[in-house]
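Report on one structure; see the data block that follows.
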Protein chains: 2
Amino acid sequence: MKIATELFLIKEGVFSHSAEFLIVMNEVNEAIKCVSWNEKDKFCINPVQKGNGVVPIKNNFIKYLKDKGWKTETRMTLALGMNPGPIDAIKETSFGIFAVEWETGNISSSHRALNKIGVGILQKEIIGGLLILPTKKFSKFLTDRVGNYEEISPYFILYQSINIIDGVIGVIAVEYDDLDKEAPLIPKGKDGNAKKGMLLF
Amino acid sequence: MKIATELFLIKEGVFSHSAEFLIVMNEVNEAIKCVSWNEKDKFCINPVQKGNGVVPIKNNFIKYLKDKGWKTETRMTLALGMNPGPIDAIKETSFGIFAVEWETGNISSSHRALNKIGVGILQKEIIGGLLILPTKKFSKFLTDRVGNYEEISPYFILYQSINIIDGVIGVIAVEYDDLDKEAPLIPKGKDGNAKKGMLLF
DNA sequence: TATGGATCCATA
DNA sequence: TATGGATCCATA
C-alpha cells in the first residue's frame with residue numbers, strides 16, 4: 001500500500017527531534033508498504049463502490065511492526081476514568097510510549113482515535129501517536145462510512161490548538177497501489193446492520 | 001426526562017456572562033423536561049437491556065425548542081473544508097449562533113459532536129454549543145453502544161485544554177424518570193422489532 | 001461488563 | 001454525492 005499524505009498536527013519537544021522518532025516513522029512507513037491484496041507486494045483492489053470489507057486490511061501492517069519489536073493489541077488506559085482498550089501497535093521509546101492506530105472503523109471512530117492520542121499526550125501516558133486511515137478515493141471502495149482523510153481533516157485545527165509542548169500527533173492517509181477488476185472483494189463481516197443487507201437474498 | 005449532570009468544559013467571554021446565555025440554558029432545560037415516554041410528563045422506560053431504540057426519543061425536545069423560535073435540522077458548515085451537515089437545534093443570539101446536539105448515535109459520534117462544537121467556536125462560526133446524551137445507566141436500556149456521559153467524560157480534558165477565550169461548551173447527561181415494565185419498548189429502526197424477528201428465518 | 005469496531009440507513 | 005446516524009459484532 002502507498003502513502004498519499006503524511007501530516008503532523010503537533011510535533012513539539014525533544015522526542016520530535018530525536019533519532020528514535022525517525023526510526024519510529026521509518027518503521028511505520030515500511031509497515032504500510034508491505035500491506036498487500038491479491039499481489040505479493042502491492043495492494044490491488046477491485047473497484048466496486050462500498051464492495052470491500054475492511055477487517056483483513058491491516059494484518060500485514062501489524063505483523064511487520066510486531067516483528068520489529070512493537071507490542072500489538074496492548075490494552076492501555078490513556079486517561080483517568082477510562083478503562084483499558086486495545087491499541088493497534090505501540091513502541092516503547094526512551095521518551096515514552098508511541099501509539100499507532102490503523103483506523104478502518106466508521107469515520108466517527110477516527111475522531112475518537114485522535115481524541116485518544118491527544119488525551120494520552122496531555123496525560124503524559126504516551127509521547128506521541130499516529131492515526132492511519134484511507135484516502136477518500138480509497139474509502140469509496142470499502143464499507144460505507146469508514147474513516148477517510150479528507151473528512152477528518154477539517155477537524156485538525158482542534159488538535160493544533162491544544163497546548164502541547166512535548167509530543168507528536170500525526171496523520172497518514174493511505175491508498176491502494178492499483179485497481180484490479182479481477183481481484184477478489186475483501187470479505188465483509190456481519191457487524192452492525194450487515195444482516196439488513198443479507199435480507200436482499 | 002430529567003437532567004443528571006450539567007457541566008461546562010469551557011465558559012469564557014461576554015456571552016457566557018450574558019442574560020441571553022441564561023435564557024438559552026433555561027430553554028434547553030425546559031425542553032429536556034418535556035421529553036416523555038408512555039406517560040404525559042414523564043419518561044418511563046421498559047428496563048430491557050439494549051431493548052429500546054433511540055430514534056423517537058428527542059422528538060419533544062426538538063419540538064419545544066422550535067416553538068421557542070430555535071431553528072431545527074439546519075445544515076451548517078462549522079469549519080473550512082467541511083460540507084454542511086444538519087444540527088439538531090440552533091438559536092441565533094446577539095453574540096452568535098448557539099448549537100445544540102442531542103446525541104443518540106454511537107459513542108464515537110459523541111466525539112465528533114464535541115469536536116464539531118470545538119471547531120465551530122475556534123472558527124467563530126458559533127459562540128457556543130451543548131452536547132446532550134444519556135447517562136450510562138440510561139444507555140444500558142438503549143441500542144448497544146450509544147453515547148453515554150460516563151464514557152465520554154475522560155476526554156473532557158481535551159476540550160478544556162483548547163485555547164478558547166470567548167465561547168461555551170457544555171455537556172448535559174439525561175436520564176429516564178422511572179422504570180416501567182409495562183411500557184412499550186421504544187421501536188428500533190423503521191419497522192421496530194418486527195424486522196428483527198423476521199431475521200430469524 | 002467494557003471497549004473499539006464494522007456494517008448498512010435516512011435524507012438532503 | 002455527502003453527512004450524521006442507528007444498529008449489532010468480537011473479544012478481553
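All values below come from the heavy atoms of this structure, side chains included, with hydrogens, waters and symmetry mates left out.
- Here A:E150 lies out of heavy-atom contact (under 4.0 Å) with every strand.
- If you find the closest nucleotide of DNA chain C to A:K50 and to B:I107, the one lying nearer the 5' end belongs to B:I107.
- In this structure, B:H111 places its NE2 atom 13 Å from C1' of C:dG5, rounding to the nearest Å.
- Backbone-only contact: A:T104 has heavy atoms under 4.0 Å from sugar-phosphate atoms and none from a base.
- For B:E103 and D:dG4, the CD to P distance is 10 Å, given to the nearest whole Å.
- A:F98 and A:W70 have perpendicular rings, their planes meeting at more than 60° on a 0 to 90° scale where under 30° would count as parallel.
- At the phosphate of C:dT1, neither OP1 nor OP2 sits under 4.0 Å from any side-chain N or O atom of B:K136.
- The separation between B:L133 atom CG and D:dG4 atom P is 17 Å, rounded to whole Å.
- B:K137 places its NZ atom 15 Å from the P atom of C:dT1, with the value rounded to the nearest Å.
- A donor N or O paired with an acceptor N or O is not found under 3.5 Å between the base of D:dG5 and the side-chain atoms of A:R145.
- The pair B:E27-B:K91 meets the salt-bridge criterion, with a side-chain N (NZ, NE, NH1 or NH2) lying under 4.0 Å from an Asp/Glu carboxylate O.
- Atom CD1 in A:I186 sits about 12 Å away from atom P in C:dA6, given to the nearest Å.
- For A:K188 and C:dC8, the shortest distance from a side-chain N or O to OP1 or OP2 is below 4.0 Å.
- Between the A:N52 side chain and the A:F141 main chain, a donor and an acceptor come within less than 3.5 Å of each other.
- Between A:N83 and C:dT3 there is a side-chain polar atom (N or O) within less than 4.0 angstrom of OP1 or OP2.
- Take the nearest nucleotide of DNA chain C for A:V54 and for B:Q49: the residue whose nucleotide is more 5' is B:Q49.
- At least one side-chain heavy atom of B:N38 sits under 4.5 Å from a side-chain heavy atom of B:P184.
- Among the atoms of the strands shown, only primed sugar atoms or phosphate atoms (P, OP1, OP2) are found under 4.0 Å from some heavy atom of A:R75.
- Taking atom CG of residue A:D144 and atom P of nucleotide D:dT7, one finds them 17 Å apart after rounding to whole Å.
- Taking every side-chain heavy atom of A:E101 into account, C:dG5 is the closest of C:dG5, D:dG5, D:dC8.
- Rounded to an integer number of Å, the gap from CG of B:N106 to C1' of D:dT7 is 9 Å.
- Closest-nucleotide positions on DNA chain D for B:G53 and B:P84 were compared, and the one nearer the 5' end corresponds to B:P84.
- Residue A:K116 has a polar side-chain atom (N or O) positioned under 4.0 Å from OP1 or OP2 of C:dG4.
- One can place CD1 of A:I117 at 12 Å from P of C:dG4, the figure rounded to the nearest angstrom.
- Between B:F8 and B:Y159, the distance from one ring center to the other does not fall under 6.0 angstrom.
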